[in-house]
Amino acid sequence: MASRLTVGVVSDTHGLVRPEAVEALRGSDVILHAGDVGGSHVLQELGEIAPVIPVRGNVDGDWARLLPERRRLDLGGVSVLILHDRGLLGLDPAEEGLGVVVFGHSHQPLAEKKKGVLWFNPGSAGPRRFRLPVSVGCLVIEDGRVRHRLIALEA
């Protein structure tokens, strides 16, 4: 029987949990938060949907000092690295055997494959910044394969 894992991906909430984000993330088995959370209440609210695995972003304050800056996980047989700013990666994900790098910081949604690694930024689910979209993401991991989807929260 195939195992299937639905991973909600969110970043840059900056203290705001939008009802549209909650709805889009509903049904996730786990939620990854790629930093700039904005307060522990965000993690609590998201935690009502599914377990949350967060990292600290560059504007997360003292409350987040115990959150790591990066995490490496095995999700459904796929090696996933989460960090806030991909500019601070400092390694070659393909050489490290990573399947997915989840990041935030830019507020720009992105899903692109390079050297067999999926680079995935769900965009910002928090307050709108400039004309950038408000969005979250979803990864579906099944039989060691990853499908991805970016979900716009506002028209």
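Residues: numbered from 1 along the sequence shown.
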Query - Minimum heavy-atom distance Ala34-Ser11, with the two atoms named - result: O-OG, 3.4 Å

Query raised in the report: ring pair (Phe, Tyr, Trp, His ring centres under 6.0 Å): which pairs involve residues 55-114, sequence neighbours left out?
Result: His14-His107, His84-His105

Requested in this report: Mind listing the closest non-hydrogen atom pair of Pro122 and Ser135 along with its distance?
Outcome: O-OG, 2.6 Å

Report task. Give a yes or no answer on whether the side chain of Asp92 reaches the backbone of Ala94 with a donor-acceptor pair at less than 3.5 Å. Result -> yes

**Report entry** Audit row: Ile151, Arg149, side-chain contact (heavy atoms from CB on, under 4.5 Å) steps and yes/no
**Finding:** CA-CA 6 Å; Ile151 304 161; Arg149 189 165 45 112; 3.9 Å; yes

Report task. Say whether, by atom type as modelled, one donor and one acceptor occur between the side chain of Asn121 and the main chain of Leu110 under 3.5 angstrom. Result -> no

Query raised in the report: Under a 4.5 Å cut-off applied to non-hydrogen side-chain atoms, are Leu83 and Arg71 in contact?
Result: no

**Report entry** Salt bridge present between Glu23 and Arg18 (N-O < 4.0 angstrom)
**Finding:** no

Query raised in the report: To the nearest 0.5 Å, how far apart are CG in Leu91 and CG in Leu98?
Result: 6.5 Å

Query raised in the report: What are the two closest heavy atoms between Val136 and Ala21, and how far apart are they?
Result: CG1-CB, 4.1 Å

Requested in this report: Consider only side-chain heavy atoms of I, L, V, M, F, W and Y, link residues closer than 4.5 Å, and tell whether Val80 and Val55 are in one cluster.
Outcome: yes

Query - salt_bridge(Arg129, Asp12) N-O dist < 4.0 Å - result: no

Query raised in the report: Linking I/L/V/M/F/W/Y whenever any side-chain heavy atoms sit under 4.5 Å apart, do Leu75 and Val9 land together?
Result: yes

Query raised in the report: Crowded around Glu45 CD? As in, over 12 foreign heavy atoms under 6.0 Å?
Result: yes

Query raised in the report: Do the non-hydrogen side-chain atoms of Val100 and Val78 ever get within less than 4.5 Å of each other?
Result: yes

Query raised in the report: What distance do Ser124 atom OG and Asp36 atom CG have between them, rounded to the nearest 0.5 Å?
Result: 8.5 Å

Query - Distance (rounded to the nearest 0.5 Å) between His148 NE2 and Trp119 CH2 - result: 14.5 Å

Query raised in the report: Given side chains that start at C-beta, do those of Val52 and Gln44 come closer than 4.5 Å, heavy atoms only?
Result: no

Report task. State yes or no: do Ile53 and Val22 share one hydrophobic cluster built from I, L, V, M, F, W and Y residues joined by side-chain heavy-atom distances below 4.5 Å, directly or via other members? Result -> no

Query - Shortest non-hydrogen separation from Leu153 to Glu20 and the atoms involved - result: CD2-O, 3.7 Å

Report task. Output the distance between atom CZ (Arg145) and atom CG (Leu118), rounded to the nearest 0.5 Å. Result -> 15.0 Å

Requested in this report: Check Asp60 against Ala64 and note the closest heavy-atom contact, atom names and distance.
Outcome: CB-CB, 3.6 Å

Query - The single option from Leu5, Val30, Val102, Thr6 passing side-chain contact (heavy atoms from CB on, under 4.5 Å) against Leu139 - result: Val102

Query raised in the report: Do Ile82 and Val101 have side chains that get closer than 4.5 Å, going by heavy atoms?
Result: no

Report task. Please tell me if the side chains of Ile141 and Val7 come closer than 4.5 Å, counting only heavy atoms from C-beta onward. Result -> yes

**Report entry** Identified side-chain contact (heavy atoms from CB on, under 4.5 Å) partner of Val10 from the options Ile31, Val37, Val42
**Finding:** Ile31

Query raised in the report: Within a strict 4.5 Å, meaning less than it, do heavy atoms of the Leu150 and Pro109 side chains meet?
Result: yes

**Report entry** Asp74 and Ser79, any side-chain heavy atoms less than 4.5 Å apart
**Finding:** no

Query raised in the report: Got a sec, which residues hit side chain to side chain contact (heavy atoms under 4.5 Å, CB included) with Arg147, two or more places apart in sequence or on another chain?
Result: Arg4, Val140, Glu142

**Report entry** Leu16 side chain reached by Thr13 side chain, heavy atoms, under 4.5 Å
**Finding:** no

Report summary line: NZ of Lys113 to CZ of Phe120, rounded to nearest 0.5 Å, is 12.5 Å

